[in-house]
Amino acid sequence: MHRGFQIGQVHLCRAPIDFRKSINGLSVLVEQELGLDPFGQALYVFVNRQRTKLKVLYWHRNGFCLWMKRLEAEKFAWPSERAGVEQISAQQLEWLLEGFDLWRHAPHQTLHYSSVS
């Protein structure tokens, strides 16, 4: 998003938002409705009802930054529209921006063994 910004966490707001909201409205939403710290080292990702637009809010040193992507012919894959937040990795955000559906194509299960024999 911004050169030199260390991404700590990525939070997806599951419910679509009113895309007329900008920095002030989104930062209040993060703090009051989602119960998260808008000043932390995290990206807060929002989608519109049609899932054609995505906004990313984050704090960088001395001010908020707002990034937006609009798709011309496709839709973003998105988790269910229930209230709340879903946390994903920075790599998963990149995949989401490229058009991958993170919820349909789950990775292989992680296996844990205590012995080889």
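For reference, positions follow the sequence shown, starting with 1.
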Pair up each side-chain donor or acceptor in residues 25-36 with any protein partner under 3.5 Å, not counting sequence neighbours, and list the distances.
| from | atom 1 | to | atom 2 | distance (Å) |
| --- | --- | --- | --- | --- |
| S27 | OG | I23 | O | 2.9 |
| S27 | OG | N24 | O | 3.0 |

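- Summarising the geometry, atom CZ belonging to R70 is positioned 12.5 Å from atom CD belonging to Q50; distances are rounded to the nearest 0.5 Å.
- Listed for the R14 side chain is a donor-acceptor partner under 3.5 Å among the backbone atoms of V85.
- At least one test fails for K21 against the ring of F46: distance under 6.0 Å to the centre or angle within 45° of the axis.
- When side chains are defined from C-beta on, L12 counts as touching W78, because their heavy atoms get closer than 4.5 Å.
- Within the structure, every pair that satisfies the ring-ring contact (aromatic ring centres under 6.0 Å, His included) test and touches residues 22-44, not counting sequence neighbours, is listed here: H11-Y44, F39-W59, F39-F64.
- To the nearest 0.5 angstrom, E86 atom CD is 8.5 Å from L102 atom CG.
- Scanning all heavy atoms of the two residues, the minimum distance from H60 to C65 falls at CB-SG, 3.9 Å.
- Side-chain contact check for L54 versus L97: some heavy-atom pair is nearer than 4.5 Å.
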May I have the step-by-step check of side-chain contact (heavy atoms from CB on, under 4.5 Å) for K55 and F19, ending in yes or no? CA-CA 8 Å; K55 285 186 178 181; F19 248 55; 3.4 Å; yes
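- Going from atom SG of C13 over to atom CG of L57 covers 11.5 Å, rounded to the nearest 0.5 Å.
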Using side-chain contact (heavy atoms from CB on, under 4.5 Å), reason through I17 and V47 one step at a time and then give a plain yes or no. CA-CA 6 Å; I17 63 157; V47 71; over 6 Å; no
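- Summarising the geometry of L96 relative to F76, their closest heavy-atom pair is O-CD2, 3.9 Å, with the distance given to 0.1 Å.
- By the 6.0 Å contact criterion, CD on E74 is open, its count of non-hydrogen atoms from other residues, nucleotides or ligands being 12 or less.
- With hydrogens and angles ignored, the 3.5 Å screen pairs a side-chain donor or acceptor of N48 with a backbone N or O of K53.
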Stepwise, does the side-chain contact (heavy atoms from CB on, under 4.5 Å) test hold for V10 with S89? CA-CA 6 Å; V10 179; S89 69; over 6 Å; no
